[in-house]
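Below: one structure, written as structure tokens.
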Amino acid sequence: MKRYLLQALSICLISAAFISCNKSITETNMVYPALAPAKLDLNADTWNPVLITNTNSFTVAAPDAVTSPAYQADLNEIKALQSNITSEQRASINYWSAGAVLRWNEILRELVAKHNLPPYQNDDGSYPAPNSTNPFAYPQFPFSNPPYAARAYAYVSAAQYDALIAAWHFKKQYNRTAPYKNDAGIQALIPKSDLPSYPSEDAVVSGAAVEMMKLLFPTEIAYIEQKAVEQKTYRMLAGANVRGELEAGELLGKQVAAIFAARARADRAGKAIGTPALWKQLEVQTLAKNEQCWVSLELPKRPPMLPLFSKVLPFLFDTLTVVALRPPPPYSTSSAEFKNETDEVLYYSKNATRERQAIVTFWADGVGTYTPPGHWNYLAAQEFVKENYSEIRWARNLALINMAEMDAAIVCWDAKYYYFNPRPCQVNPEIKTLTGVPNFPSYTSGHSNFSYAAATVLSYLLPDRGSKFTDMAHEAAMSRLYGAIHYRSDVEMGMVTGIKVGQFAVKRAQTDGAGN
Amino acid sequence: MRNFCLFLIFLAAFSTFAYAQTDADAIMIPKNYFCGGLMYSNSSWKNYWEGTFKRDNLNIGTLNTNTYNLMANYGILNNLNVLASVPYVTTNASGGTLRGLEGVQDMMLSLKWRILKTNFAKGRFFVYGIGSASLPLSNYQADFMPVAIGSQSKSLMFRCLVDYNVGKYFITGSGEFMQRSLITIDRTSYYTTEEHYTNQVALPNMTNYALRTGYRSSRWIAEAVIENNTTLGGFDIRKNDMPFVSNRMNSTIAGVNFKYSSVRIKGLELTAGGNYVAAGRNVGQSTTIHGGAYYLMNFNKRKS
């Protein structure tokens, strides 16, 4: 009996060894180094903003003198914090020091992914729509699908950029040095900077983000506020800002963001969902042209995604340009070319390779993800962390990319609903897809537009990367043909308009005073 | 000789684990015996649970999973058997547009060891220890639920099993712990309850508890089985979200199994059975039927 017990014990020990196996993963965004800008971009107060016209129109109270008791009290607060730093606080310093614009971009990506869920149907087969005036009711507001997401990234990035231009103006005006320069008892736990510290650029970024996200993700206010508090605490812990600098920065960020929020409320996105009458009219007008019209492939049939997103006000050009950028009509659904293209999709459906499956999945960015614009934000961030940009250059470059993404969504949605072209698997049910079929018309591919718009901007900003971004964009675009959800001409025409939209952002970048 | 080839089928992801006749039974083959066979099973579900919310989905219709499992069992000693299986799995969704997948899935290797054999009251009492490892045999796509054919996990399992029989009636209880590995998927970020920037996914570990009882003779076995699979961690599928490989997949499964040993052809054994997911979380409510044919060979030298 004893022998059996020993044997049983040894088995238990072996199994305990299995249990203790470590499953820790190091995620790519957790190893970004602390931001140490190569250039301060001190002239950034002269860069061209997106919306604001006069930085003096914002209120930023003069800071307390460094000799004042109020400032000394602020310094003492930092000393108290630094006297007992926990490992959790060290982790927070490591996290936030990678950069304010970067981390707020990540937070936005996360919220997009979290809210990128199509509503579940009602019992009668109709679908409820999210309601911004009652955001907590199911389905929660928003459903952050690709156009919604593109717009959200654009507003947050552009608001942060303009807010930082204003911040640079006041930084130079007040020229307050960092706490660690004013008091030898304060340690700099992040790379030291000669940038004036009043108002805090980190708080400007978070203030702008918080204000915009109240509009864009109203159910997440508590989460967003908690992140903002974490970030402010980090700046003090790190010896980089006193409380007064953070409060002034936050207020400035919010003032600038209010201008963007006012634009967003009036940019027609709220009406992009359309009406049942409009959905019907899209069918009728397509059939009148003797073309097969798009039909939802979801069951129960779901109304088309944001058919009036084409009417949203773009950032980089006017609404007439949206029409001018519209691609020529797709192949007629009764043409031989159309048949050939459908056959090509069937080929990819039936002859999937593991390699193509991987490409399809890598770029799918569907339900529950940060969407294709979010993917390009991530890809951009992965490059920008190597560049040691100042916060304001980070914001400017992301604003350029994201305004291009939003405007690409507008132009692409214009083509989709102007032509209302059916998906390949609607035309030929033999076509089975390697990823989910998006619930909107086929021509042109959103992935093509988003990817080429972003790649055009990135290639301008980082010319030393050669064809890296256009190669990636090409793979992203082709992934939709490999996945059997787009015709080749959807992909190819989407490339053309994506590049054109991207060039508007490049033109802006060439003249915005920031240099390359 | 009673043998019952043992195997574990790892049904396609999202249809939960289902054990037809399993490493969770109390039967061994003697030293130098070999048993080989082929098992087929079909598992299908129309309803599934997103967290605790049960629904159907016309964009999936009925998800069908067919498994063809090549199995082998060899008696190293009278109280130590080694088991192996290699499944080929196909999936198909009857509704929607998603293309089904197919391929060779995970090889399973088990060592089954009878630790204790003793008389107790009016019957006999056995204790077994079963250690298993499963290893993906192909680079199939795990991150394409619900049509993925498996999870790509490299897993280690340890099961303790006790069996008690009085005459031809038996009862067997067992508990298993499954250690699952990190897997690598085709994308570099994904959302669970937060955004992750990595192509690796930590699959939560699992437990399985099974209770089986029935009639066991040299010719026939008939048993009823109830079992529970619990994922230790993982997260719920949100309403109308896509399932993900690291979801918390729990299920309680009830089923019956039969085995017949042929009189005419010595060594031929036929099995059949079925089971049903009575309750679940983030799994399909599968109905599974299975059948198999096995041949038992004696490699002991004949006594002259």
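- Taking B:M242, B:H196, B:E194 one by one and counting their heavy-atom pairs under 4.5 Å with chain A, the maximum is reached by B:H196.
- Both the backbone and the side chain of B:T188 come within less than 4.5 Å of a heavy atom in chain A.
- Residue contact with chain B, scored on non-hydrogen atoms closer than 4.5 Å, involves the side chain of A:T369 exclusively.
- Side-chain polar atoms of B:S153 and B:S155 form a donor-acceptor pair below 3.5 angstrom.
- Judged by the 6.0 Å and 45° rule, B:K112 forms no cation-pi pair with B:F126.
- Of the atoms belonging to A:L117, it is side-chain heavy atoms, and not backbone ones, that fall under 4.5 Å from chain B.
- At a 4.5 Å heavy-atom cutoff, the contact between A:A352 and chain B is made by backbone and side-chain atoms alike.
- Geometrically, A:R103 engages A:Y95 in a cation-pi contact, judged by NZ or CZ lying under 6.0 Å from the ring centre and within 45° of the ring axis.
- Annotation: the span from A:Y370 atom OH to A:E106 atom CD amounts to 10.5 Å, rounded to 0.5 Å.
- Using a cut-off of 4.0 Å between Lys/Arg side-chain N and Asp/Glu carboxylate O, B:D236 and B:R248 are scored as not salt-bridged.
- Heavy-atom distances place no part of B:I185 under 4.5 Å from chain A, backbone and side chain included.
- Of the atoms belonging to B:V201, it is backbone heavy atoms, and not side-chain ones, that fall under 4.5 Å from chain A.
- Taking A:Q357, A:Q121, A:K114 one by one and counting their heavy-atom pairs under 4.5 Å with chain B, the maximum is reached by A:K114.
- Among B:R55, B:R238, B:K239, the one residue that satisfies the salt bridge (Lys or Arg N to Asp or Glu O under 4.0 Å) test with B:E50 is B:R55.
- Interface residue A:P119: only backbone heavy atoms are found under 4.5 Å from chain B.
- Ranked by heavy-atom pairs under 4.5 Å with chain A, the first of B:N59, B:T118, B:T198, B:N57 is B:N59.
- Between B:F125 and B:Y164, the ring planes are tilted. Angles from 30° to 60° get that label.
- By the 6.0 Å and 45° rule, A:R302 stacks over the aromatic ring of A:Y127.
- Side-chain atoms of A:E475 and A:W363 form a donor-acceptor pair, as typed in the model, at a separation below 3.5 Å.
- No other option in A:P139, A:A364, A:A358 has as many heavy-atom pairs under 4.5 Å with chain B as A:A358.
- For the set A:T435, A:L297, A:I431, the count of heavy-atom pairs under 4.5 angstrom toward chain B peaks at A:T435.
- In this structure, chain A has a heavy atom under 4.5 Å from the side chain of B:F144, while its backbone stays farther away.
- Heavy-atom distances place the side chain of B:F53, and not its backbone, under 4.5 Å from chain A.
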